[in-house]
**Student:** 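Sharing a structure here in structure tokens format.
Since the model is a prediction, treat every value here as computed from it, not as a measurement. When a ligand or atom number is given, it counts from 1 through the structure's own listing order.
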Amino acid sequence: MQRDVLIVGGGIGGLTAAIALRRQGFAVQIIERDPQWSVYGVGIIQQMNVVRAMRQLGVLDAYLSRAHGFDSTTIFVGPTGAKETSFETPRLAGPGYPSNAGIRRTDLQVVLGDAARAAGATIRLGVTVATMTDDGDGVDVRLSDGTEARFDCVVGADGIYSRTRAAILPDAPKPRYTGQWVWRYNLPLMPGLDGIHIFAGPCNAGLVPISDSLMYLFLVSQEPGNDFLPVEGAAAAMRARAQMPAPQLQPHLAAITEDAGVVARPIETVFLEHDPWHVGRVVLLGDAVHASSPHLAQGAGMAIEDALVLAEELARNAAPEAAFAAYRARRFDRVRHVVLNSLRIGDMQMGKIPPFDIGALTGQTIGMMAGPI
Ligand SMILES: Cc1cc2nc3c(=O)[nH]c(=O)nc-3n(C[C@H](O)[C@H](O)[C@H](O)COP(=O)(O)OP(=O)(O)OC[C@H]3O[C@@H](n4cnc5c(N)ncnc54)[C@H](O)[C@@H]3O)c2cc1C
């Protein structure tokens, strides 16, 4: 018998869950609160485990046609800009595919949204959950547009401020501001940019290729609060955050001139480390259950892997609760590693904890992410 799944949230986690669940034969409806379904246009780093996941979802060629694939990461140190090290990561999707990719978030949404619809998922925009009643055999949901339906289970993929989480686990940890912001700006692709270039402290910046013609520059800064930044003056504010930048960053910083092109976001985090990830027939995935700071560039990767594992476990287990418990057990160690170590890097950058060996952590993370999910 076909089972009906409601996914709350049409972000990266919700869309990949829809594709994965459709491939396992579930009927899937996504509801997305934002009627415009807006995503900002800067890029996202997607590492080898995500490229592998895109192959598993059956979208790899469409995805790479809009992305910029690469194998290497190069680290430059301090204000001198001297090269410290360069390393390559394995090609997990096969020798004919790049290890990693950078892609504009808008392009990623198009690829995943098209694939979810082509797979047969329904996506309804401007709609959210009004009420949800789980009677043990199914979940009755009344939506904000007044329609009612019954589902076998509900997936809360509604992001760091998840209302699904608040509904099922009101005492779960709340998101907290970490003390840092990330500033991003799209620029023309630098000729010869062969992968990610990271400029370690004090600037904490990087260049990431995201298409054949674009890259983005990111900067991490320490800020007293997480208020929203006015658009006016944003370009100058971003340039001012680059403390003692390496010489090779200077021309790119000078090209940050359009206030509207700056995407600045406070880094917030939440992790249900000691709580369940489901109650009854309602389960959480992605940032709703483990929003990571971006220092290991794996937040979306963890949401995408969640989606694949959740779909596999729902297909394997007749009882949703058993599937959800198996899903959490399979995901916990990887997610915990990403969330806690990303926070450690941020804390070290802010001088809150003593310096530690980032190279060793990177090696450990690559080994873990290259392993099976
Ligand atoms: C500055 C920054 C940089 C990052 N860089 C990277 C990176 O390079 N690589 C990486 O892997 N990750 C990165 N991340 C993390 C990544 O963006 C998130 O982990 C990822 O977007 C999580 O996906 P999600 O689907 O769980 O949540 P979201 O992307 O937040 O999607 C949630 C969706 O649910 C919708 N929604 C919310 N509430 C409701 C509701 N009540 N009803 C219906 N819909 C609702 C929202 O509108 C949204 O569309 C970064 C994060 C930040 C903050």
**Student:** How does Pro294 reach ligand 1, by side chain, by backbone, by both or by neither, if only non-hydrogen atoms under 4.0 Å count?
**Tutor:** side chain
**Student:** Using a strict cut-off of 4.0 Å, indicate which atoms of ligand 1 neighbour a heavy atom of Ile31.
**Tutor:** 43 (C), 44 (N)
**Student:** Any idea which atoms of ligand 1 are less than 4.0 Å away from a heavy-atom of Ile45?
**Tutor:** 7 (C), 8 (O), 9 (N), 10 (C), 11 (O)
**Student:** Enumerate the atoms of ligand 1 whose separation from the nearest heavy atom of Val8 is less than 4.0 angstrom.
**Tutor:** 42 (N), 43 (C)
**Student:** Please say whether Gly13 places an N or O atom under 3.5 Å from an N or O atom belonging to ligand 1.
**Tutor:** yes
**Student:** When hydrophobic residues are tied together by side-chain contacts of less than 4.5 Å, even through go-betweens, does Val42 share a cluster with Ile267?
**Tutor:** no
**Student:** Thinking salt bridges, do Arg150 and Asp137 make one under a 4.0 Å N-O criterion?
**Tutor:** no
**Student:** Side chains of Thr365 and Asn341: is there a donor and an acceptor less than 3.5 Å apart?
**Tutor:** no
**Student:** Short N/O distance, under 3.5 Å, between Glu32 and ligand 1?
**Tutor:** yes
**Student:** Scan Arg331, Arg330, Arg328 and name whichever one has a salt bridge (Lys or Arg N to Asp or Glu O under 4.0 Å) with Asp306.
**Tutor:** Arg331
**Student:** Taking N or O atoms only and a 3.5 Å limit, does Leu285 qualify as a polar contact for ligand 1?
**Tutor:** no
**Student:** Heavy atoms only, cut-off 4.0 Å: how does Arg105 contact ligand 1, side chain, backbone, both, or neither?
**Tutor:** side chain
**Student:** Specify whether the nearest protein heavy atom to atom 53 (C) of ligand 1 is under 4.0 angstrom away.
**Tutor:** no
**Student:** For residues Phe87 and Thr362, determine if any side-chain heavy atom of one lies less than 4.5 Å from a side-chain heavy atom of the other.
**Tutor:** yes
**Student:** Following the transitive rule for hydrophobic clusters with a side-chain heavy-atom cut-off under 4.5 Å over Ile, Leu, Val, Met, Phe, Trp and Tyr, establish whether Leu340 and Val220 coincide in one cluster.
**Tutor:** yes
**Student:** Does the distance from a Lys or Arg side-chain N to an Asp or Glu carboxylate O, for Arg3 and Asp152, drop under 4.0 Å?
**Tutor:** no
**Student:** When only distance counts, is Tyr40 in polar contact with ligand 1, meaning an N/O pair under 3.5 Å?
**Tutor:** no
**Student:** Check this for me - ligand 1, Arg33, N or O atoms closer than 3.5 angstrom, yes or no?
**Tutor:** yes
**Student:** With hydrophobic residues grouped by side-chain heavy-atom distances under 4.5 Å, do Val39 and Tyr161 end up in a single group?
**Tutor:** no
**Student:** For ligand 1, which atoms, with element, lie under 4.0 Å from some heavy atom of Gly286?
**Tutor:** 26 (O)
**Student:** Identify which of Ala307, Ala157, Ala297 has a heavy atom lying nearest to atom 32 (C) of ligand 1.
**Tutor:** Ala157
**Student:** Numbering the atoms of ligand 1 from 1, which are under 4.0 Å from a heavy atom of Gly159?
**Tutor:** 27 (O), 30 (O), 32 (C)
**Student:** Is Gln298 touching ligand 1 with its side chain, its backbone, both, or neither, if touching means heavy atoms under 4.0 Å apart?
**Tutor:** backbone
**Student:** Give the atoms of ligand 1, by number and element, whose distance to some non-hydrogen atom of Thr128 is under 4.0 Å.
**Tutor:** 40 (C), 41 (N), 42 (N), 43 (C)
**Student:** What atoms of ligand 1 come closer than 4.0 angstrom to any heavy atom of Gly301?
**Tutor:** 11 (O)
**Student:** Is there any ring-ring contact (aromatic ring centres under 6.0 Å, His included) pair reaching into residues 291-337, and which pairs are they, with sequence neighbours excluded?
**Tutor:** Phe271-Phe332, Trp277-Tyr327, His278-Phe324
**Student:** If you draw the axis of the six-membered ring of Phe356, does the NZ or CZ of Arg344 fall within 45° of it and under 6.0 Å from the ring centre?
**Tutor:** yes
**Student:** So which bit of Asp158 gets within less than 4.0 Å of ligand 1, heavy atoms only: side chain, backbone, both or neither?
**Tutor:** both
**Student:** Scan for salt bridge (Lys or Arg N to Asp or Glu O under 4.0 Å) pairs involving residues 29-50, sequence neighbours excluded, and state none if there are none.
**Tutor:** none
**Student:** Compute whether any side-chain donor of one residue and acceptor of the other, for Tyr97 and Asp61, lie under 3.5 angstrom apart.
**Tutor:** yes
**Student:** Could an N or O of ligand 1 be found under 3.5 Å from any N or O of Asp287, whether backbone or side chain?
**Tutor:** yes
**Student:** Looking at Gly299, which atoms of ligand 1 are within less than 4.0 Å of one of its heavy atoms?
**Tutor:** 10 (C), 11 (O), 12 (N), 15 (C), 19 (O)
